[in-house]
Every structure is written in structure tokens, then in C-alpha cells.
Amino acid sequence: MYEAIVGAAYLDGGFEAARHLVESHFEKELRTETGDSPEDHKSKLQEVAQRLFRQTPSYSLVEASGPDHDRAFVAEIRIGGRLYGRGQGKSKKQAQQQAALQALADIETGVKASG
């Protein structure tokens, strides 16, 4: 449904109109940030994934390394079986948050490319 609205905006006003529409709705979710952030990217991604794909993101831990006092984790996120993000951190939660942030950026790039 949302894709149809974006498509209509594109047909009516061109790429810039469609981009403006998507950015206005998802500005906060799609903002590219570096480092740790107090924002909950996992929740934002779940909202975006439900809206755009009608799918729930799934996270998997793909790597854990280092001694107990200095662990490093790598997590991946998939939506509908497609890999959207990979993140790393000092905790599983931090790795998942980074993966979600990357997935949000990937989705933004895909939305812009399809317009």
C-alpha cells in the first residue's frame, strides 16, 4: 500500500516529490549515524519493516569472539530472508542495534534507488 502512495507521488511530482514524501515519513528512522546512539534502531526498523514489507526482522548471532571480559559479537538481520544489515559490538544487543542501523540505511538507499 505504501509503495503505491510513493509511486503516485513519483508519477505526480517526479523523483524529488517521492523522495521528499519518504524522507518526511521516515526521517528519524533513516538518519545515518555513527557510533553508539541512545535511539532504539531495532524498534524503528521493526516499524519500517512492517510498514514497507509486512515482515518482521529476524536477528541472528553469527560470531562471538574474545575472552569473557572483552567479548565481541557480530549480528545479522534479515527481512523476508534477505540480508539487510550486519553489525558488531561489545554485547549482543549493541551488535543488533548496529545491524538495525545498517539495515535502515540500506532500506533508505533502496527506496531512493527505486524512485
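Nearest heavy atoms, Val74 versus Leu61: O-CD1, 3.3 Å.
Here the side chains of Gln102 and Gln98 are not in contact, with every heavy-atom distance at 4.5 Å or above. Contact of the Ile107 side chain with the Leu52 side chain is registered, since non-hydrogen atoms from C-beta on lie closer than 4.5 Å.
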Please tabulate, for the side chains in residues 76-91, all donor-acceptor contacts under 3.5 angstrom to protein atoms that are two or more places apart in sequence or on a different chain.
unit_1, atom_1, unit_2, atom_2, d
Glu76, OE2, Arg86, NH1, 2.4
Arg78, NH1, Gly81, O, 3.4
Arg82, NH1, Tyr84, OH, 2.9
Lys90, NZ, Asp70, OD1, 2.7
Ser91, OG, Gln94, N, 3.0

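Atom CG of residue Leu104 and atom CD of residue Glu47 lie 10.0 Å apart, to the nearest 0.5 angstrom. Going from atom NZ of Lys92 over to atom CD of Gln96 covers 8.5 Å, rounded to the nearest 0.5 Å. Between Asp106 atom CG and Leu101 atom CG the span is 11.5 Å, to the nearest 0.5 Å.
Judged as a side chain to side chain contact (heavy atoms under 4.5 Å, CB included), and not counting sequence neighbours, the contacts of Ala64 are Arg71, Phe73.
Sorted by first and then second residue, the pairs that involve residues 54-68 and meet side chain to side chain donor-acceptor pair (under 3.5 Å), not counting sequence neighbours, are Gln50-Thr56.
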What's the verdict on side-chain contact (heavy atoms from CB on, under 4.5 Å) for Glu16 and His20, showing C-alpha distance, side-chain angles and the deciding distance? CA-CA 6 Å; Glu16 287 300 316; His20 178 71; over 6 Å; no
